[in-house]
Amino acid sequence: MNTIEQKKIFISYSWSTPEHDDWVLSLAHQLMGDGVEVVLDKWDLKEGQDKFHFMETMVTSPEIDKVLMICDRKYAEKADIRAGGVGTETQIITPQVYNQVRQEKFIPVVAEVDSDGHAFLPTYLKSLIYIDLSSESSYAMEYEKLLRNIYNRPSLSKPKLGQAPSYLLEDSPVSYKTTSMIRGMDAQLDKFPARVNLFVKDFLAEFDKNLLDFSIDSPADSYLEIGEQIMDKLTQYQPLRDDYLHFIDKLFRDDRNFDVTIVIRFFENLPLHLSPRSEGYRQWKTGQFDHFKLVSHELFIYTIAIALKHDNLRVLEELLLTKYFFKEGRSDRSEQFNYDYLRNHFDLLDHYYKKLKGKNYDNVHADVIMSRVPEFLQKHELVAGDLFCYHIGQLHDIDWFPMTYGYNTRNRGDFEFFNLLVSKRHFAKVKTLLGVENSSEFKSKLDALIAKGADRGYANYRGKIPAIDYYVNPEAVASQI
């Protein structure tokens, strides 16, 4: 059991009225009852003792932890004119208050206020914070403050000093508004939850605007040189991309019932970066904007992976089952597309990347994506997101190839979303995403995919991609509680 060190205090007061003397005596008894040793003239000053020596000893003694100065009208008057015992104590205390480092030893305790509610305080104490015991309604709370002060046990303790945020130690200063928006995201949305959609719109608009900084103004002519330019731009873009990932991670984890349509519109606008966004361009070279294909593809995989990680089925359904109206340049197209429209590939980076790494790659596009996974996410989570797009695509006749699957580090049969389909409860939650009404319909879909055979994947790509029946026996779907 924790123990608190015993404290010893001295009470200085004025002999104003019998009622005031009783009030002081009552306070002294209350403090004694709470374990505070009180030195008071009424029981510590004996006949024959020098009262002035007694006062000086109590005020200056290192054994006295606190000196309580009980302030009423009479105490303030006597202190200001240095009259009587209070005046003597004032002459002793004043240099202690002004010259000593431990000013907190002296605590003004207000016992009386004037008609306007102002405390009676001697002039030399007016700058000190006081305890107000003059009101019955607040007495208990103020007395607790006094007791905590004496025992040095404040109700609010100063927090432990932490370390400077890591972003202050980065070589380059924060340059994107998106970074500061993320840092204030929780506070903003906790304070104004109804503004979540406005916040999401503002963040994605700011991100989209910053993407413009990563186009290539003067593309080189050779494959090696344009590849180097692309790689440089992708490297420079990475901090901005990580802002997006942090944002999506926070948003999908807490959900806050935001409108997923805002994110859908964001993806619909991404193809606009595949051509000039300003009026100044009349023509442009091949490859000048091609790296935005990787940007769009990578962002969509991450978005699905993070939604899957947080089991946010609402977001997954909206993003994977919706029809997109993708925009390109100044086109007014109205044709609808599935999410596989964002599964892009370009080969302008290949020659430079292979030279840079000193070896050949089955898929440079995939290796670039996997080599850039931030520390706060796991590579297997990204692969799972890519593979999830593939499997949901199979169930809805959407052509998505999981190019990152060759970098899978998990057991081929380990996919919790599909492993749990044996549960009736889980199946009921995800059947809309699977595109079926009941388990029989889902089993029929699986049988058709198995018969088709194409789901067994691409044997030359570091192992075959497993079909859904690899994770769960079709006959066992929705068979358990």
Side-chain angles (χ1 to χ4, degrees), residues 297-298 300-313 316 319-320 339-340 342-343 345 359-427 429-431 433-436 439 442-480:
H297 188 182
E298 180 184 51
F300 190 77
I301 297 174
Y302 271 113
T303 303
I304 297 302
I306 292 171
L308 187 64
K309 167 188 170 185
H310 293 304
D311 195 30
N312 197 320
L313 298 177
L316 289 171
L319 294 181
L320 295 176
Y339 63 85
D340 61 331
L342 292 166
R343 182 179 63 84
H345 180 77
K359 62 178 182 178
N360 290 324
Y361 289 87
D362 295 329
N363 191 316
V364 168
H365 193 135
D367 199 76
V368 171
I369 290 177
M370 294 306 299
S371 67
R372 292 153 41 87
V373 178
E375 291 183 358
F376 59 88
L377 290 173
Q378 301 293 320
K379 288 186 176 182
H380 69 82
E381 292 172 341
L382 184 60
V383 172
D386 199 8
L387 194 55
F388 193 71
C389 290
Y390 167 70
H391 287 311
I392 297 301
Q394 284 190 308
L395 295 170
H396 293 274
D397 295 321
I398 297 173
D399 183 23
W400 181 279
F401 174 66
M403 64 168 58
T404 63
Y405 180 70
Y407 297 80
N408 183 45
T409 57
R410 287 290 183 92
N411 185 300
R412 292 178 71 241
D414 184 11
F415 205 131
E416 186 178 71
F417 179 92
F418 295 107
N419 298 149
L420 289 176
L421 288 177
V422 295
S423 163
K424 290 180 180 178
R425 183 178 300 171
H426 179 69
F427 181 84
K429 286 170 55 179
V430 304
K431 65 181 182 180
L433 192 50
L434 300 175
V436 298
S439 59
F442 182 63
K443 292 171 187 176
S444 297
K445 273 200 173 189
L446 287 188
D447 289 340
L449 289 173
I450 293 170
K452 187 178 179 182
D455 55 21
R456 288 301 176 185
Y458 305 79
N460 63 339
Y461 194 67
R462 305 186 194 180
K464 293 183 178 181
I465 300 169
I468 296 176
D469 65 291
Y470 196 86
Y471 310 120
V472 58
N473 184 336
E475 298 302 319
V477 171
S479 63
Q480 300 177 16

| query | Given Phe418 and Val477, is the side chain to side chain contact (heavy atoms under 4.5 Å, CB included) satisfied, shown in steps? | reply | CA-CA 9 Å; Phe418 295 107; Val477 171; over 6 Å; no

How many angstroms lie between [atom1] in [X] and [atom2] in [Y], if you round to the nearest 0.5 Å?
X      : Y      : atom1 : atom2 : value
Glu381 : Lys309 : CD    : NZ    : 5.0 Å
His396 : Lys445 : NE2   : NZ    : 5.0 Å
Lys424 : Gln480 : NZ    : CD    : 10.0 Å
His380 : Thr404 : NE2   : OG1   : 12.5 Å
Asn312 : Thr303 : CG    : OG1   : 12.0 Å
Leu434 : Ile392 : CG    : CD1   : 5.5 Å

| Derivation and outcome, ring-ring contact (aromatic ring centres under 6.0 Å, His included), residues Phe417 and His426 | CA-CA 9 Å; Phe417 179 92; His426 179 69; 5.4 Å; yes

Minimum heavy-atom separation for [X] and [Y], please, with both atom names.
X      : Y      : answer
Tyr302 : Ile369 : OH-O, 4.3 Å
Gly413 : Asn419 : O-ND2, 3.1 Å
Ala366 : Tyr407 : CB-CE1, 4.0 Å

Quick check: do [X] and [Y] have side-chain heavy atoms less than 4.5 Å from each other?
X      : Y      : answer
Gln378 : Val373 : no
Phe427 : Ser479 : no
Leu320 : Tyr339 : yes
Leu377 : Leu382 : no
Phe388 : Val383 : no
Phe300 : Glu298 : no
Leu421 : Phe442 : yes
Lys443 : Val436 : no

| message | Looking only at the side chains, is there a donor atom on one of Arg343 and His297 sitting less than 3.5 Å from an acceptor on the other? | response | no

| Is it the case that Gln394 and Tyr390 place a side-chain donor and acceptor less than 3.5 Å from each other? | yes

| field | side chain to side chain contact (heavy atoms under 4.5 Å, CB included) evaluation trace for Trp400 with Asp386 | value | CA-CA 9 Å; Trp400 181 279; Asp386 199 8; 2.7 Å; yes

| query | Quick one: which of Tyr470, Phe401, Tyr471 gives a ring-ring contact (aromatic ring centres under 6.0 Å, His included) with His391? | reply | Tyr471

| task | Check the pair Val472, Leu420 against side chain to side chain contact (heavy atoms under 4.5 Å, CB included), reporting the backbone distance first and the verdict last. | result | CA-CA 8 Å; Val472 58; Leu420 289 176; over 6 Å; no

| message | Is there a side chain to side chain contact (heavy atoms under 4.5 Å, CB included) between Cys389 and Ile301? Walk through the geometry before answering. | response | CA-CA 8 Å; Cys389 290; Ile301 297 174; 5.6 Å; no

